[in-house]
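What follows is a set of notes on a single structure, which appears directly below.
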Amino acid sequence: MTSNLPGSLEVRDLSCERDGRPLFSGLSFSLEPGSAVQVLGANGAGKSTLIRTLIGSADDFSGDIYWCGTPYPSALPRMRQSLLYIGHKAGVRRGLTPLENLAWYGATRSDALRALEAVGLYGYEDVLCQQLSAGQGRRVALARLFLPSAPALWILDEPLAALDVGGVASLEARMSGHLAAGGMVLLTSHQPVNLESLLQVDLANYQVPWVSGADHLLDLQEVHSGD
Amino acid sequence: MAWQWFHRLGSPRWFYQKSSAWLPWLGGAGLILLLVGCVWGLGFAPEDAKQGNSYRIMYIHVPAAFLALAGYYIMAICGAIGLIWKMKLSFVVMRAAAPIGAALTFISLFTGAVWGKPTWGTYWVWDARITSMLILFFLYLGVMALSGAFSREQSADKASALLALVGTVNIPIIYKSVDWWFTLHQPATLKLTEASTIDPSMFYPLITMIAGFYLFYAWVLTLHTRSLILQREWRTQWVRELLGQSSVATGSTR
Amino acid sequence: MATETMATGNEGGAGDNERLEAANGSGFFTLLRTELLLALRSRADIVNPLLFFVTVLAMMPLGIGPDPDMLARMAPGLIWVMALLATLLSQEALFRGDFEDGSLEQLSLQPQPLYFAVLAKVAVHWLVTGLPLAVLSPMLGMMLNLPSAGYLPLVISLLLGTASLSLIGAVGAALTVALRRPGLLLALIIMPLYVPVLIFGTGTVQAALDGYSYSAQLAVLAAILAAASALAPLAAAGAIRISLDH
């Protein structure tokens, strides 16, 4: 089913900051084959930073991240071979048709057609993506999950946003199938996700307390309230 | 051991505290040298046979031109250290070096133009060195404009460091091509490796001025780095303690 | 039609191996084909720089007078400066679309180095801007009364030089792709880096007009191109990673 060897993603005592402001610290969890993690947190809690760190695009972190037992950043090339990432920006080229977009991600024509049918874009495969609606564009990106060549580790930023009820159900079914086949899913979502063996990680539990007196940052608000 | 030292040096706070001890020495020595060099060069050095007194602007022009180019390399090397070792302080020094270098480049262009009027009868000629200096000025402006365009300090640091590095690779090529473009230019009067063509009585004040400019540069760079550190770290406890209660008011107006 | 080419290009391998294949050398040509397809679909992006090139050059005699001798003297420099500007202006869009739709982020996550993706994009940019500019330049040379000895060196120097311009400009485009209005900033940071290409580009034509051999100038242009194609995509790839973390 999956085109790569199963691995595991392990996060140990991870701390991230953004623009000198600590977001979370002491975050630990592990993602084994067949399991899923949902990252929760308010806006600005650091969900995007966590995801960027996990896919290896941001490197200002302390703590350890391991892929198949190898620490970042040396594990990144191998991790990326098993990675399917769908971010806030869908990664769908507006000047290409859905079929060409999937081909760009390495799909064969027949696989791509089946995947597009699965996300309800049957009949749109030769329409330029710039003519599709925002929701449909999002579906083109999600169609990557329905390709038989989809790699093992899925990291999805708000995959359920802008999907209707039927779309959510079909995506959940696909994720269940992927997990059953030994895949891994890490996603952020504001809405509940119906998946078995779903581990929820709430970034609110790892927020950095403001330590005064130490060489530590203070919140903006505290400074503002002082005058 | 050495590594630890390196990392401590990378801490802006450490730099801020240590550098306050260097400042009076750098500034004092620099100003004394500049004063001595100016009085010596402008007052006591002999008049030039061909150019008369107008050559004396060289005592400002040449050191400024030296440091304009050296400053670009200092900026780029700091950027490279920041990119490779993720050293915060290094980026701050790089950002501080850009406007100082641009100012020195401008000074050398301006004094060059003033010198050019009595010597060549015109303020501006498209001579190879002047043109190269002008392009160096543009390179500085580009780095400053790019770093000012980002809203995130970290992105601004990395992007301008990369641009400075690209500029460094290009500077020799630009200089060579401009040289080739305008082969007719004054021969270099000061080559440290060869015997100098200018008279020692004119040369020693120049050396004094160059040394003074270097120290002055280091002093201004340290000062500017310190002020940038305060601007960047104003939310931290140590800066707030340093500035006392008044920091609350200045902080919130930023 | 276009869909056909895309599909046939990928039908070779079995589904499971596709991704791995894309990670190997064949990926470069897939990238190149996709970029070319995208470029050919947005024709305005190809035509506009050329129109700019022609229109602004047509303004020149209006500004400096129709004297044929003066125009002939200025022709190499004018054509080269306009080629510079046309390349620069078209380069702002080089990574913009891919940045905005997220495919640049996806590219940065490929196991394959970003270097090749940048090289593919720059190659296509040159194919749709630099190459037509060079092809069009004799016509403009004619309008500006360029002596006949200048035509061949003009075309060859533009062919070599605009490729370097595209490569160098890609660094600036990558550095500014995360900014909202990079137009003037891009010009400010990239123009100084264009100086050597401009000097040797016009130098080639000037040497030919003065009756000298211009092979040395062409050799320098080729050397600049070689250095730029080795280094500029590296710098641009680094700049893209910086911009993506904005």
Side-chain angles (χ1 to χ4, degrees), chain B residues 69 72 76 79-80 82-84 86 91 98 101-102 105 126 128 130-183, chain C residues 77 161 164 167-204 206-207 216-217 220-221 223-228 230-246:
Chain B
L69 187 59
Y72 197 90
L83 282 180
I84 296 167
K86 302 194 184 80
F91 282 130
T105 316
W126 288 93
I130 298 176
T131 311
S132 296
M133 231 16 168
L134 184 67
I135 293 165
L136 183 68
F137 187 56
F138 290 151
L139 284 172
Y140 271 120
L141 291 187
V143 171
M144 285 165 67
L146 184 68
S147 60
F150 283 87
S151 51
R152 269 192 81 206
E153 289 293 352
Q154 276 84 346
S155 306
D157 286 346
K158 290 183 189 166
S160 39
L162 195 113
L163 182 64
L165 278 177
V166 172
T168 312
V169 174
N170 272 274
I171 281 180
I173 306 173
I174 294 173
Y175 272 47
K176 280 285 160 207
S177 54
V178 171
D179 238 23
W180 178 84
W181 168 74
F182 192 92
T183 37
Chain C
S164 300
L167 282 160
I168 298 167
V171 181
L175 279 171
T176 55
V177 71
L179 303 173
R180 213 166 294 156
R181 290 173 181 279
L184 286 173
L185 181 65
L186 181 63
L188 194 61
I189 65 176
I190 286 307
M191 272 299 182
L193 305 177
Y194 276 173
V195 166
V197 180
L198 175 66
I199 286 176
F200 284 99
T202 45
T204 308
Q206 203 57 56
Q217 284 85 329
V220 175
L221 278 180
I224 292 175
L225 177 58
L231 295 177
L234 274 183
I240 286 173
R241 293 196 192 278
I242 292 168
S243 290
L244 284 174
D245 196 22
H246 181 51

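Chain letters run A, B, ... following the sequence lines, proteins first and then strands; every chain starts at 1. All values below come from the heavy atoms of this structure, side chains included, with hydrogens, waters and symmetry mates left out.
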Which atoms of B:T131 come close to chain C, meaning under 4.5 Å heavy atom to heavy atom: side chain ones, backbone ones, both, or neither?
neither
Of all the heavy-atom pairs spanning C:P192 and B:I174, show the shortest one and how long it is.
O-CD1, 3.5 Å
Counting only non-hydrogen atoms closer than 4.5 Å, does C:L185 touch chain B with its backbone (N, CA, C, O), its side chain (CB onward), both, or neither?
side chain
Engaged part of C:L184 at the chain B interface, taking heavy atoms whose separation is under 4.5 Å:
neither
Restricting to non-hydrogen atoms, name the atom on B:S177 and the atom on C:F200 that form the minimum distance, rounded to 0.1 Å.
CB-CE1, 3.3 Å
Can you tell me which of B:N170, B:L139, B:L146 forms the most heavy-atom pairs within a distance under 4.5 Å of chain C?
B:L146
Can you tell which part of B:L162 gets under 4.5 Å to a heavy atom of chain C, answering side chain, backbone, both or neither?
side chain
Could you give the distance from CD1 (C:I242) to CG (B:L163), rounded to the nearest 0.5 Å?
10.0 Å
Measure the CG-CD1 distance between C:L193 and B:I173 for me, rounded to the nearest 0.5 Å.
9.5 Å
Most heavy-atom pairs under 4.5 Å with chain B, out of C:D245, C:L188, C:I189, C:I199, belong to C:I199
Contact part of C:L179 toward chain B, heavy-atom cut-off under 4.5 Å: side chain, backbone, both or neither?
side chain
So for B:Y175, is it side chain, backbone, both, or neither that comes closer than 4.5 Å to the heavy atoms of chain C?
neither
